[in-house]
Every structure is written in structure tokens, then in C-alpha cells.
Amino acid sequence: MPELPVINEAKCDHCGLCVSVCVCGALQLKDNKISIVKVNDCGWCTMCELVCPTGAISCPFEIIIEDDKK
Amino acid sequence: MAISLDSLKSIPYFTGLSDSAMAAVNSHIFEKKAVRGDILVFEGEPAEAMYYVTSGVVKVFKTSADGKEQILRIIRPGDTFNDVPALGGVNLASAAALSVAVLYGIKKKDLETLSRDFPQVALNIIKVLSIRVQEMISLVEDLSFRHVNSRVAKILLEYAGNGDKPRLTQQEMAAMIGTAREMVGRSFRSLEAEGAIRVERNHIIIADYVILKKIAGVAE
């Protein structure tokens, strides 16, 4: 399974903004809970993180050096 | 709580102490756990404790009146935060977990007691504070003299690893280098255009180390 944005449920106020901007349709708000239902569709566009008013979603990047450039 | 002697000795404040001193230190330590996003210290509130990160990553940051964030330090395992306020005054900055984290804390009054009872602790505190001043001077230098692309490049070099370095969001990078999130995105595109990096989903790949170092203004 691909890595997915991190959702901090304690910070989420269920406003649904992240769902509305998710161009991949990967997010869903159901029973007052945000979840990533289409895990393979998330393209890491980071729009959910950008619009979240409470900072409940994070899309962190791992920084790596290409093997032959070390 | 029971904490191994080796763990305690790795805390910069308590290196070089005798076993009896370490036993006294151990009696004052408490443990705190957090998940990504948890606020650990609130700026402006009375300082209660100094913290040592045993696992995970923590950011120390200040927030402006209009909500802009400036990250002052990224704390990795083996390092401490809230040092200065724990020695007097209010919390100078906030702190939040960037990942699941486990911390050891020591309350302000207990730190004072230990530094009175064991002079080596006071000496260690001075050494830690000296490092903090050097870090702040380096941050001021970056904010004053480096172009945004250069600052982003420097962050990428600093946080490049093999899974052993903290992962960063664009917002966190922006807050570290004192710019807007949008500027970090633009810098990514600019650095990609120059062939220095590639952004592939949640990975930023340093494709040309030499070019990136040159942009960062880092000596070979």
C-alpha cells in the first residue's frame, strides 16, 4: 500500500474542505470521520494539507539522495 | 519511573555525573508520549519543564499575530527543547510533535534543585545554552542573507537521508526558512528545472548533489 497523508483525528473538525479539494477523490467524510478510502488514488498533491484549517492533515516528504549521487 | 542509566546519561544535561547523582536525576524524570500534531509546549505560558526527545521528532516554533509560523529548531532523538524557559520565565516558543514521539521531561523546580546539588549539571546547562545561541545565530544568518531557493536547497541537503531523517511538509519547510508555503512549491519547481531535484509523490529526490550544494551556497 502506498504511503498516505497523516490524519490527526484529534485536530480534525470534520469541515470536509479536504474532501472538496481532493482531485483524486481519495478522501471521504463519513460519520464525522475523515478517511482515505481510495488509497491507490492519492497522488500526494498536498491540497488537503493546504486547505485544512486546523492542520489535521499532513503530507510530509521524505528527502533522499539518488543512489549514484551519494 | 524506571529509566535506564544509559538513557539518562545520553541527555546532554546529565553527562559526566556520578551514579548517586544519576539516581537523583532519575527520581525527577517523567515520560510523555505524543502523536504527530500534538502541541507539547504553548508559547507565552509559564514554563513548566524541559524535555528530552528519546524517539520521534519535535518542532519548536513561533507564531505571528497573523498566524505565520517560523520554525526555530527541529528536535531529533538525543536533543532537548524548552531549555531556556525551564531556567526562568515563560515558554519562548511553542513545540509540537512531527511524528509519534516519546519524551523525558524534568520540571523547572527539579532542574533547579539538581543544578544546585550537582555543579556538573550547571556546567552542562551552560554548554547546552551555548549551543542554542550558536543555532540562533546560524538561523539569523540564513534568514538575512540567503535567497529562498538557496534556503530550500540547504534544508533539502540537511534533511536528506535513508529513512533516518524527519519527513517534512511544505509548510514546515516554509516555516523553517521564514517564507510562505507557496514559495517552497515554487522553489521545488525551480530546483527541478535546474536538474537539482525530482519530486516523485512523497519523495524529493536529490538528482544532482553538486548543483544543489552550489545553489545552497554550501562549500564542497
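Every value quoted in this text rests on a predicted model; they were computed, and no experiment measured them. Protein chains get the first letters and strands the later ones, always in sequence-line order, with residue 1 at the start of each.
- Contact annotation: the side chain of B:Lys165 never approaches that of A:Ile63 to less than 4.5 Å [non-hydrogen atoms, C-beta and beyond].
- You'll find the side chain of B:Thr169 reaches within 4.5 Å of the side chain of A:Pro60, heavy atoms only.
- To the nearest 0.5 Å, the span separating NZ on A:Lys11 from CG on B:Asp38 amounts to 8.0 Å.
- Residue B:Gln171 holds its CD atom at 10.5 Å from OG1 of A:Thr46, rounded to the nearest 0.5 Å.
- Crowding of B:Glu192 atom CD: a count of heavy atoms from other residues, nucleotides or ligands under 6.0 Å exceeding 12.
- Taking CD1 from A:Ile65 and CG from B:Leu157, the interatomic distance works out to 7.5 Å, rounded to the nearest 0.5 Å.
- When each of B:Gln170, B:His203, B:Arg167 is tested with A:Phe61 by the rule side chain to side chain contact (heavy atoms under 4.5 Å, CB included), just one qualifies, namely B:Gln170.
- Shown here is A:Lys33, whose NZ atom has no more than 12 heavy atoms of other residues, nucleotides or ligands within 6.0 Å.
- More than 12 heavy-atom neighbours from other residues, nucleotides or ligands sit within 6.0 angstrom of CG on B:Asp66.
- Of the two parts of A:Cys45, neither the backbone nor the side chain holds a non-hydrogen atom closer than 4.5 Å to a non-hydrogen atom of chain B.
- Between B:Arg201 and A:Glu3, the shortest heavy-atom contact is NH1-O, 2.7 Å.
- Contact annotation for B:Arg36: both backbone and side-chain heavy atoms come within less than 4.5 Å of a heavy atom of chain A.
- Atom CD of A:Glu66 is separated from atom CD1 of B:Ile197 by 12.0 Å, given to the nearest 0.5 angstrom.
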